[in-house]
Amino acid sequence: QVQLVESGGGSVQAGGSLRLSCAASGFTWCMSWFRQAPGMEREGVAAIGTGGGITYYADSVKGRFTISRDIAKNTVYLQMNSLKPEDTAMYYCAASRTCFQWDRAANVANWGQGTQVTVSS
């Protein structure tokens, strides 16, 4: 069982930046970030393959968010720039066996506990 621990959430004003981190306890394949706003379904934000060379993004964050991974530290990051109020949500780190259909929550094998991101206008 892979344990995932997120950190880095917080409150910022629109246009600001935050970096989320996710430390994994074991070997992981596809790593991703999801988010869930109150009353909304959990949605995929970004994903990164095992070697870190392939990345995927939701259209809503392309050009603003960057996912990366440090294999030596077994940690995945989500750099979030130009934040908007609509980015406000609980952000979850996730591990899956494949990045195929990476944005489907049902395909996730392990979830982190979540970290809150709040963007004020």
Side-chain angles (χ1 to χ4, degrees):
Q1 184 77 358
V2 174
Q3 302 295 321
L4 304 172
V5 180
E6 302 103 330
S7 61
S11 297
V12 295
Q13 290 190 327
S17 299
L18 284 173
R19 189 176 82 152
L20 307 182
S21 299
C22 172
S25 64
F27 181 78
T28 56
W29 290 267
C30 180
M31 296 294 295
S32 56
W33 289 93
F34 282 72
R35 66 186 182 187
Q36 188 168 21
M40 304 293 287
E41 291 188 358
R42 194 168 293 191
E43 63 172 351
V45 174
I48 188 165
T50 304
I54 300 177
T55 57
Y56 308 84
Y57 295 94
D59 288 343
S60 59
V61 305
K62 281 181 181 177
R64 300 188 298 123
F65 291 11
T66 302
I67 189 170
S68 61
R69 69 191 299 171
D70 184 327
I71 296 174
K73 295 182 178 180
N74 211 12
T75 299
V76 174
Y77 304 96
L78 185 68
Q79 178 66 44
M80 305 184 295
N81 298 329
S82 302
L83 282 161
K84 304 175 181 179
E86 51 262 44
D87 294 318
T88 295
M90 184 71 78
Y91 282 70
Y92 296 91
C93 179
S96 306
R97 291 190 173 276
T98 173
C99 280
F100 178 69
Q101 296 182 335
W102 66 272
D103 57 346
R104 293 191 178 185
N107 292 343
V108 172
N110 303 97
W111 292 100
Q113 82 285 356
T115 185
Q116 179 68 35
V117 171
T118 302
V119 184
S120 58
S121 57

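Since the model is a prediction, treat every value here as computed from it, not as a measurement. The first residue of the sequence shown is numbered 1, and numbering continues consecutively from there.
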J.: Give the minimum heavy-atom separation between A46 and W102, together with the two atoms involved.
T.: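 In terms of heavy atoms, the two residues are closest at N-CZ3, 3.4 Å.
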J.: Could you pull out all residues at least two apart from A58 that satisfy side chain to side chain contact (heavy atoms under 4.5 Å, CB included)?
T.: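 Side chain to side chain contact (heavy atoms under 4.5 Å, CB included) check on A58 returns S60, V61.
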J.: Would you say I67 ends up clustered with L20 if hydrophobic residues are merged whenever their side chains have heavy atoms under 4.5 Å apart, either directly or through other cluster members?
T.: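 Per the 4.5 Å side-chain linkage, L20 and I67 are co-clustered.
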J.: Determine whether a donor-acceptor pair (N or O, by modelled atom type, separation under 3.5 Å) exists between the side chain of S25 and the backbone of Q3.
T.: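 The answer is yes, because a donor-acceptor pair under 3.5 Å joins these two groups.
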J.: What heavy-atom pair brings M31 and L4 nearest, and what distance separates the two atoms?
T.: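 Minimum heavy-atom separation between M31 and L4: CE-CD2, 3.9 Å.
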J.: Can you list every pair that meets ring-ring contact (aromatic ring centres under 6.0 Å, His included) and has a residue in residues 71-91, with sequence neighbours left out?
T.: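 ring-ring contact (aromatic ring centres under 6.0 Å, His included) check on residues 71-91 returns no pairs.
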J.: Is there a path of hydrophobic side-chain contacts, each under 4.5 Å between heavy atoms of I/L/V/M/F/W/Y residues, joining V45 to Y92?
T.: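 Y92 does not cluster with V45.
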J.: So which atom in V108 and which in A94 form the shortest heavy-atom distance, rounded to 0.1 Å?
T.: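 Of all heavy-atom pairs spanning V108 and A94, the closest is CG1-CB, 3.5 Å.
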J.: F34: which residues meet the ring pair (Phe, Tyr, Trp, His ring centres under 6.0 Å) condition with it, sequence neighbours left out?
T.: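 F34 satisfies ring pair (Phe, Tyr, Trp, His ring centres under 6.0 Å) with W111 only.
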J.: Is a side-chain donor or acceptor of D70 paired with a backbone partner of T75 at a separation under 3.5 angstrom?
T.: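 Between the backbone of T75 and the side chain of D70 there is no qualifying donor-acceptor contact (under 3.5 Å).
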J.: For the CG atom of L78 and the CH2 atom of W33, what is their distance to the nearest 0.5 Å?
T.: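 Atom-to-atom, L78:CG and W33:CH2 are 6.5 Å apart.
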J.: Start with the C-alpha distance between Y56 and I48, add both sets of side-chain angles, then the distance that settles side-chain contact (heavy atoms from CB on, under 4.5 Å), and finish with yes or no.
T.: CA-CA 6 Å; Y56 308 84; I48 188 165; over 6 Å; no
J.: Hey, could you give me each pair passing disulfide (SG to SG under 2.5 Å) that has a residue in residues 55-121? Not counting sequence neighbours.
T.: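 For residues 55-121, and leaving out neighbouring residues, the disulfide (SG to SG under 2.5 Å) pairs sorted by first residue read C22-C93, C30-C99.
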J.: OG1/T55 to CZ/F65 distance, rounded to the nearest 0.5 angstrom?
T.: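 Those atoms lie 14.0 Å apart.
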J.: For T28, enumerate each residue passing the side chain to side chain donor-acceptor pair (under 3.5 Å) test, keeping only those at least two apart in sequence or located in another chain.
T.: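 Applying side chain to side chain donor-acceptor pair (under 3.5 Å) to T28 gives R69.
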J.: Can you give each donor-acceptor pair under 3.5 Å made by side-chain atoms of residues 114-121, sequence neighbours left out, with the distance rounded to 0.1 Å?
T.:
| unit_1 | atom_1 | unit_2 | atom_2 | d |
| --- | --- | --- | --- | --- |
| T115 | OG1 | G9 | N | 3.2 |
| Q116 | NE2 | A89 | O | 3.4 |
| Q116 | NE2 | T118 | OG1 | 3.4 |
| S120 | OG | V12 | O | 3.4 |

J.: Could you note down all residue pairs passing disulfide (SG to SG under 2.5 Å) where residues 54-86 supplies at least one of them, sequence neighbours left out?
T.: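 Every candidate disulfide (SG to SG under 2.5 Å) pair involving residues 54-86 fails, so no pair, neighbours aside, qualifies.
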J.: Quick one: closest heavy-atom pair of A24 and V2, and the distance?
T.: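 Here A24 and V2 meet closest at CB-CG1, 4.3 Å.
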J.: From M90 CE over to M40 CE, what is the distance, rounded to the nearest 0.5 angstrom?
T.: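 Nearest 0.5 Å value for the CE-CE distance: 15.5 Å.
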J.: Could you work out, with side chain to side chain donor-acceptor pair (under 3.5 Å) as the rule, every residue matching R64, not counting sequence neighbours?
T.: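 Counting only residues at least two positions away or on another chain, R64 forms a side chain to side chain donor-acceptor pair (under 3.5 Å) with D87.
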J.: Identify, with sequence neighbours excluded, every residue that meets ring pair (Phe, Tyr, Trp, His ring centres under 6.0 Å) alongside F100.
T.: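 Expected list: none.
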J.: Q36: which residues meet the side chain to side chain donor-acceptor pair (under 3.5 Å) condition with it, sequence neighbours left out?
T.: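 Q36 satisfies side chain to side chain donor-acceptor pair (under 3.5 Å) with R42 once adjacent residues are dropped.
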J.: Got a sec, which residues hit salt bridge (charged side-chain N to carboxylate O under 4.0 Å, His left out) with E43, two or more places apart in sequence or on another chain?
T.: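 Listed in chain order: R35.
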J.: To the nearest 0.5 Å, what is the distance between OG (S96) and CD (Q101)?
T.: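 Those atoms lie 11.0 Å apart.
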J.: Go through the side-chain N and O atoms of N81 and S17 and say whether any donor and acceptor fall under 3.5 Å apart.
T.: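 Yes, side-chain donor-acceptor contact under 3.5 Å.
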J.: What residues, two or more places apart in sequence or in another chain, satisfy side chain to side chain donor-acceptor pair (under 3.5 Å) together with S68?
T.: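 Partners of S68 under the side chain to side chain donor-acceptor pair (under 3.5 Å) test: none.
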